[in-house]
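Bear in mind the structure is a predicted one, so any value in this text is a computation, not a measurement. Proteins get letters first, then strands, A, B, ... in listed order; numbering begins at 1 in each.
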Amino acid sequence: MAKNIISKDKDYAQWYLDVIKEAKLAEHSPVRGCMVIRPNGYALWENMQAVLDGMFKETGHQNAYFPLFIPKSFLSKEAQHVKGFAKECAIVTHSRLIDSDDGVIVDPSSKLEEELVVRPTSETIIWDTYKNWIQSYRDLPILINQWANVVRWEMRTRLFLRTMEFLWQEGHTAHATAGEALEETEKMIEVYRTFAEDYMAMPVTIGKKSEEERFPGAIDTLCIEALMQDGKSLQAGTSHFLGQNFAKAFDVTFQDKDGEVKHVWASSWGVSTRLIGGMIMTHADDDGLILPPKLAPTQVVIVPIWKNDEQLKAVLDYAGALEKELKEKGIRVKLDDRDFYKPGWKFAQYEVEGVPLRIAVGPRDVENNKLEIARRDTKTKSLVDNENVAQVIKDTLDEIQTTMFEKARKRTEDNTRTVNTYDDFKKIINKESGFIYAHWDGTTETELKIKDETKATIRCIPLDENPEPGTCMVTGKPSERRVLFARAY
RNA sequence: CGGGGCGUAGCGCAGCCCGGUAGCGCACCACGUUCGGGACGUGGGGGCCGCAGGUUCAAAUCCUGUCGCCCCGACCA
């Protein structure tokens, strides 16, 4: 047993990196802070994209693509927005290289008249474009999504969770009324919740961001927060109600039915490859990655076992027929008939890669018309009849999906606490961490004090219909409702 | 950008204190025996010891600088 993965109890950050490495998802690139996504990781992203894209289309959205480069002046049009992104921009200043005695240098004469910012997000360039697309209420709503890469010059990076360049989707919608834009904002956070819970098997809490944590330029930011295995929270997706901020900044108006010229209302929303990080930290264990069946690039791997050529033929015939049958039933199956790796090696390999279900077939099984199926999530094996096997596999995959979600849900529940005093809050945050519901007076001042003293932040203000009022655990001032605190990634 | 640690084969590391021209495990290649949980034996390939200077007859080792990575802060999807 030559396992490289170390225990997450010893060093969670290292464990996380080891899981990624062993599963061959991604690695650091030679470019500071950037990531190479390997085929295993990209296949996962493609599956996530496919599901999300389908959900976007179903909710009436279309895809489009806007430029990578944003004229510097665009970024300064919305005051809060500039403030939020100014400190983390990559800026293109020149357009040419020339040979010199010191090697290749930037040609000073190629300096751009106006610098270009590599998009940290696309609100500005999109709103500058929407200005030309919108004249009448008949042009609304605009419901567009873009799959893209963005760049944010981060100080410290972590694979998937925070890299200088990352892949994401960003939706940008324009509406005639505030109500429609708000409805869109809420609809899309619900889409993200569905995706996180039903596909990633990652339970999330929906809420609203505090003013401090809100997206720069938004009136309100809704988010989904998920609790990771180390007790820290991950912001997994956001949906912003932008009000008329960008419409005003870019002068996007339309003439309404009543003849009046009005500014349009906006939303934007996004999720990124960070979701992959969230999935790893939600499900993986000390044996490596565990992928939810609905997103796993390979749902089932068949490992044939044989000793000699005669057995090889019988086993491969048997396994090949099984592969064909599963494929026909729409299961993503792979038959690994490579002869230069031994079965034991393959078992271990597919475990670190997180393949949800493994089927082993050997001469014994051929003879008895049986199969050994092994679940990655529970590490349990069972011998089943090779009859109606596709249905059995399908059911097992569904069960894995459910079990994974339930396990994560229970863990989140077990690590969600309600506290009334700041002393209890500090004790819990330092010991178990996790989600904590507590009363807060609603001021940024108190929020920052808590952050400063405990490293915990308000992850979100829950959207319950019937909040329970109380008094702020720090200041004793009145509080409308409990809010969700945690340390965060 | 502040504080700490580390750069030696694809990966993980030893050697450095006390200079003498590079080694271990895994991986890789060949052959044979193996094959129902990461096989074993024998043989083999692979290194500008992060980079640049300096000291020295001689530098992975000592000195200076520099770049990069990791962890902890500030910042953030």
Side-chain angles (χ1 to χ4, degrees), chain A residues 1-6 11-14 16-18 21-22 24 27-34 83-89 120-121 149-170 192 209 212-216 221 223-226 233-240 268-278 287-288 303-309 311-312 315 338-353 358-368 370-372 374 379 381 383 448 451-452 455 457 459 488-489:
Chain A
M1 295 287 270
K3 288 208 177 143
N4 294 319
I5 292 184
I6 66 166
D11 186 341
Y12 191 84
Q14 190 60 51
Y16 173 74
L17 290 172
D18 286 344
K21 187 177 156 188
E22 293 292 324
K24 300 191 173 83
E27 60 201 31
H28 279 288
S29 84
V31 182
R32 186 197 158 261
C34 292
K83 229 177 114 195
F85 289 104
K87 284 174 287 181
E88 48 180 8
C89 288
T121 178
N149 57 339
V150 287
V151 169
R152 296 181 188 176
W153 210 264
E154 301 290 350
M155 307 252 182
R156 261 183 74 201
T157 60
R158 269 188 98 183
L159 289 180
F160 290 117
L161 300 181
R162 188 175 305 107
T163 46
M164 300 236 296
E165 178 192 6
F166 57 93
L167 305 181
W168 77 347
Q169 59 67 217
E170 45 181 329
Y192 290 155
K209 285 293 185 192
E212 180 63 21
E213 298 274 329
R214 187 184 291 161
F215 176 75
T221 290
C223 63
I224 49 171
E225 292 281 329
S233 180
L234 184 77
Q235 177 174 312
T238 47
S239 182
H240 315 294
S268 72
W269 26 273
V271 294
S272 71
T273 40
R274 166 179 269 201
L275 289 177
I276 296 174
D287 293 316
V303 177
I305 297 159
W306 71 88
K307 278 195 177 104
N308 51 48
D309 283 353
Q311 288 183 350
L312 173 65
V315 165
R338 292 177 296 179
D339 62 355
F340 40 81
Y341 290 120
K342 296 175 53 185
W345 186 92
K346 291 176 185 173
F347 293 169
Q349 188 59 32
Y350 291 114
E351 268 157 27
V352 296
E353 288 182 19
R358 183 188 70 230
I359 304 178
V361 292
R364 214 155 65 202
D365 305 306
V366 176
E367 197 174 319
N368 303 326
K370 298 261 184 192
L371 302 165
E372 183 196 79
K379 303 275 267 173
K381 287 188 221 181
L383 209 57
L448 290 177
K451 184 179 178 182
D452 187 51
K455 293 185 211 155
T457 51
R459 299 322 304 155
Y489 276 98

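Atoms CG (A:N149) and P (B:A77) sit 17 Å apart, rounded to a whole Å. Between the CD1 atom of A:I276 and the C1' atom of B:A77 there is a distance of 13 Å, rounded to whole Å. What separates CZ of A:R158 from C1' of B:C75 is a distance of 15 Å, to the nearest Å. To the nearest angstrom, P of B:A77 lies 15 Å from CD of A:Q169. If you take NZ of A:K370 and C1' of B:G36, they are 16 Å apart, rounded to a whole angstrom. The CG-P distance, from A:L161 to B:C70, rounds to 13 Å in whole Å. The CH2-C1' distance, from A:W306 to B:G37, rounds to 16 Å in whole Å. For the pair A:E22 CD and B:A27 P, the interatomic distance rounds to 13 Å; values are reported in whole Å.
For the P atoms, the distance from B:G43 to B:G36 is 26 Å, rounded to whole Å. Between B:G73 and B:C11, the two P atoms lie 28 Å apart (nearest whole Å). Nucleotides B:U61 and B:C49 have their P atoms positioned 10 Å apart, rounded to a whole Å. Between B:A9 and B:G37, the distance separating the two P atoms is 35 Å to the nearest Å. When the P atom is used for both B:C40 and B:U34, the distance is 15 Å, rounded to whole Å. Comparing B:G53 with B:A59, their P atoms are spaced 13 Å from each other, to the whole Å. Comparing the C1' positions of B:G45 and B:C31 gives an interatomic distance of 15 Å, to the nearest angstrom. For the P atom pair drawn from B:U64 and B:U55, the interatomic distance equals 15 Å after rounding to whole Å.
Among the protein residues, A:K21 comes within range of the sugar-phosphate backbone only, with heavy atoms under 4.0 Å from sugar or phosphate atoms but none that close to a base. If you check every strand for non-hydrogen atoms under 4.0 Å, A:T163 touches a base. Among the protein residues, A:D365 comes within range of the nucleic acid bases, having at least one heavy atom under 4.0 Å from a base atom. Residue contacts for A:L234: at a heavy-atom cut-off of 4.0 Å it reaches no nucleic acid atom on any strand shown. At a threshold of 4.0 angstrom between heavy atoms, the contacts of A:K342 include nucleobase atoms, whether or not backbone atoms are also involved. Across all strands shown, A:K209 has no heavy atoms under 4.0 Å from either base or sugar-phosphate atoms. Contacts of A:E154 with the nucleic acid, taken as non-hydrogen atoms under 4.0 Å apart, include base atoms.
The side chain of A:W345 lies closest to B:G38, out of B:A77, B:C71, B:G38. You'll find that the side chain of A:K381 is closest to B:G37, out of B:G37, B:G73, B:C71. Comparing B:G38, B:C70, B:C28 by their closest approach to the side chain of A:L17 singles out B:C70. Nearest to the side-chain atoms of A:R156 among the listed nucleotides B:G73, B:G38, B:A77 stands B:G73. Here the nucleotide nearest the side chain of A:A360, chosen from B:G36, B:A77, B:G73, is B:G36. Residue A:K455 places its side chain closer to B:G73 than to any other of B:G73, B:C28, B:G38. Checking B:G37, B:G36, B:C35 against the side-chain heavy atoms of A:K307 singles out B:C35 as nearest. When the nucleotides B:G37, B:A77, B:G38 are ranked by their closest atom to the side chain of A:E351, B:G37 comes out on top. Of the candidate nucleotides B:A77, B:G37, B:C70, B:A77 has the atom nearest to the side chain of A:R152.
The existence of a salt bridge linking A:R459 and A:E213 is confirmed by a sub-4.0 Å separation between a basic side-chain nitrogen and an acidic carboxylate oxygen. The residues A:E351 and A:K346 are annotated as not salt-bridged, no charged nitrogen and carboxylate oxygen being separated by less than 4.0 angstrom.
Scanning both residues, A:C89 and A:W153, for their nearest heavy atoms gives N-CB, 4.2 Å.
Where A:S272 and A:I305 each meet RNA chain B at their nearest nucleotide, the meeting point lying more 5' is that of A:I305.
Base pairing annotation: B:G37 forms no Watson-Crick or G-U wobble pair, as no partner gives both donor-acceptor distances under 3.5 Å. Applying the Watson-Crick and G-U wobble criteria (two distances, each under 3.5 Å), B:C69 pairs with B:G5. The pairing partner recorded for B:C57 is B:G20, the criterion being a Watson-Crick or G-U wobble arrangement whose two distances lie under 3.5 angstrom. Across the strands present, B:C48 finds no partner; the criterion is a Watson-Crick or G-U wobble pair with both atom distances under 3.5 angstrom. Remark: B:G10 base-pairs with B:C26. Criterion, Watson-Crick or G-U wobble with two distances under 3.5 Å. Partner assigned to B:C75 is none, using Watson-Crick or G-U wobble distances below 3.5 angstrom.
The environment of CH2 in A:W345 is crowded: more than 12 heavy-atom neighbours from other residues, nucleotides or ligands sit within 6.0 Å.
Inter-residue side-chain proximity for A:V271 and A:W168 is flagged as unmet; no heavy-atom pair is nearer than 4.5 Å. Counting heavy atoms from C-beta on, the side chains of A:V315 and A:P363 come closer than 4.5 Å.
For A:R274 and A:F166, the positive end is not near the middle of the six-membered ring at less than 6.0 Å and at most 45° from its axis.
Taking the six-membered ring where tryptophan is involved, the planes of A:F215 and A:H240 are essentially parallel, since the angle between them stays under 30° and well short of 60°.
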